[in-house]
Amino acid sequence: MNSHLNSIEDIIADERFLAWYFKTDEILAKEWKRWLSRHPESSLLVAESIAYLDEFHLQEESVPEAKINIAFERLTASLPTTTIPVVNIRSRIKTTWWASAAAVILLFVSGYIFWSNSTEKTILNSSYGEVKAYQLPDGSQVTLNAKTELALSKNWEQGNEREVWLKGEAFFKVQKTKAKNKFVVHTGTTDIVVTGTQFNVTTNQDETSVLLTEGSVTIITADGKELHMQPGDFVTVHNQKAEKVPVNEEKVLAWKQAKIVFDNTRMTEVAQIITKHYGVKVTLAEKEINEKRISGVMPNDSLDVLLKALEATQDFKIVRNTNEIVISKP
């Protein structure tokens, strides 16, 4: 980070100063205060920079000296009084640098607005081993599977799109509105657009799957391609490719009834399911265990009960430590 800040342009381009001014990053703001305490001779320049941002206009105009005096007083009040000398406000400098500096400010302000909006989203979540149901502001209902996060946009007024951002798995029952507002679920790979319907969404870093149980849904991939779904359709989206595939609907939705349906499922997949749902590491001790397959309906609301159910098949020996489950031959 630059330690030689010799102009207002230098100051407003410094991320520590901007973090301190806009109150966006406490760590960077503290770094800025430490810098200023080591360079008290720059306090006037900093005050002028504050005044410019307070007066922010995208045109070449001067800032009234009174504004600078106010900014300087605000600066000295916010920092230890022993570190900043008393100085006289010097004559106003020309603002011919403003056009280039404005670009710097705009870039930061754009980032700040995005950050600010993101912090104002309503966050709904569930913990490992937990299924939680919520009612959304429009009356829609959502059920979150374990370790899932759903962020709601700030503006859900009539006439506006209802937007949510999903990480994990959720079942939506979307309420129709008089204005027929679109309901949009954003995932890492696609957007799911509906008006009133019921559907299940599972998403991770590079893949999204959607099961439609009622109504209609439009899948929009990252490259803008659209795929329209009908009830009973199951679509996976991977590498910007959306594909309809056959699926066991009961198996997909079993989590809503606190169940897991295993249908000739390999133990490697069983281990992944346990890790995802409960957040614990699962180790399969022998290669023979990897290829073992199980079928049946088991509970997913209690890890202890699930492990006992697996052990009851007499095909496995299970040892549970604090952060790891070891599955081996009996």
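Sequence positions, counted from 1, serve as the residue numbers for this chain. We use all heavy atoms of the structure for the numbers below, so side chains are in, but hydrogens, waters and symmetry mates are not.
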Are [Y] and [X] co-members of a hydrophobic cluster defined by side-chain heavy atoms under 4.5 Å apart?
X    : Y    : value
I220 : V185 : no
L166 : V235 : yes
I274 : F316 : yes
V131 : I260 : no
L5   : L18  : yes

Say whether, by atom type as modelled, one donor and one acceptor occur between the side chain of [X] and the main chain of [Y] under 3.5 angstrom.
X    : Y    : answer
T202 : E169 : no
Y134 : S140 : no
N204 : D206 : yes
T203 : G168 : no
Y278 : N300 : yes
D14  : R16  : yes
S295 : N264 : yes
T122 : L152 : no

I'd like to check [X] versus [Y] (side-chain heavy atoms, cut-off strictly below 4.5 Å). Are they in contact?
X    : Y    : value
T313 : K292 : no
V237 : T187 : no
V319 : I325 : no
I289 : K329 : yes
Q175 : T177 : no
E163 : H186 : yes

Could you walk me through whether I50 and F17 pass side chain to side chain contact (heavy atoms under 4.5 Å, CB included), step by step? CA-CA 9 Å; I50 294 171; F17 168 76; 4.0 Å; yes
Derivation of the side chain to side chain contact (heavy atoms under 4.5 Å, CB included) call for I123 and E149: CA-CA 7 Å; I123 305 297; E149 179 180 292; 3.7 Å; yes
Euclidean distance, [Y] [atom2] relative to [X] [atom1], rounded to 0.5 Å:
X    : Y    : atom1 : atom2 : answer
I318 : L306 : CD1   : CG    : 7.5 Å
T213 : M229 : OG1   : CE    : 9.5 Å
R162 : N181 : CZ    : CG    : 5.0 Å
L124 : T148 : CG    : OG1   : 11.0 Å
H277 : Q272 : NE2   : CD    : 15.5 Å
L212 : F199 : CG    : CZ    : 8.5 Å

Of all the heavy-atom pairs spanning [X] and [Y], show the shortest one and how long it is.
X    : Y    : result
I11  : V46  : CD1-CG2, 4.1 Å
L136 : V142 : CD2-CG1, 3.7 Å
S126 : A146 : OG-C, 3.7 Å
F234 : V247 : CB-CG1, 3.4 Å
Q314 : P330 : O-CG, 3.7 Å
V280 : T275 : O-OG1, 2.9 Å

Within 6.0 angstrom of K244 NZ, more than 12 heavy atoms from elsewhere: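 Atom NZ in K244 is packed in, count exceeds 12.
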Residue K251 excluded, over 12 heavy atoms near NZ under 6.0 Å: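 Enclosed: over 12 neighbouring heavy atoms sit under 6.0 Å from NZ of K251.
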Step-by-step side chain to side chain contact (heavy atoms under 4.5 Å, CB included) determination, I192 to I219: CA-CA 5 Å; I192 303 152; I219 301 292; 3.8 Å; yes
On the 0 to 90° scale, with breaks at 30° and 60°, tag the W32-W35 ring pair as parallel, tilted or perpendicular.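 Parallel, since the angle between the ring planes stays under 30°.
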Taking the inter-plane angle between the rings of F172 and F183 on a 0 to 90° scale, is it parallel (under 30°), tilted (30 to 60°) or perpendicular (over 60°)?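 Perpendicular, since the angle between the ring planes exceeds 60°.
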In plain terms, say whether E291 and R266 are close enough for a salt bridge, that is, a side-chain N and a carboxylate O under 4.0 Å apart.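 The answer is yes: the pair qualifies as a salt bridge.
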Apply side chain to side chain contact (heavy atoms under 4.5 Å, CB included) to the pair T143 and W255, showing each step before the final yes or no. CA-CA 10 Å; T143 305; W255 66 269; 3.7 Å; yes
Is there a side-chain hydrogen bond (donor to acceptor under 3.5 Å, both in side chains) between S302 and D304? Walk through the geometry before answering. CA-CA 5 Å; S302 170; D304 287 334; 5.1 Å; no
For the pair T283 and E324, evaluate side-chain hydrogen bond (donor to acceptor under 3.5 Å, both in side chains) and give the outcome as yes or no after the intermediate values. CA-CA 7 Å; T283 299; E324 183 181 15; 2.5 Å; yes
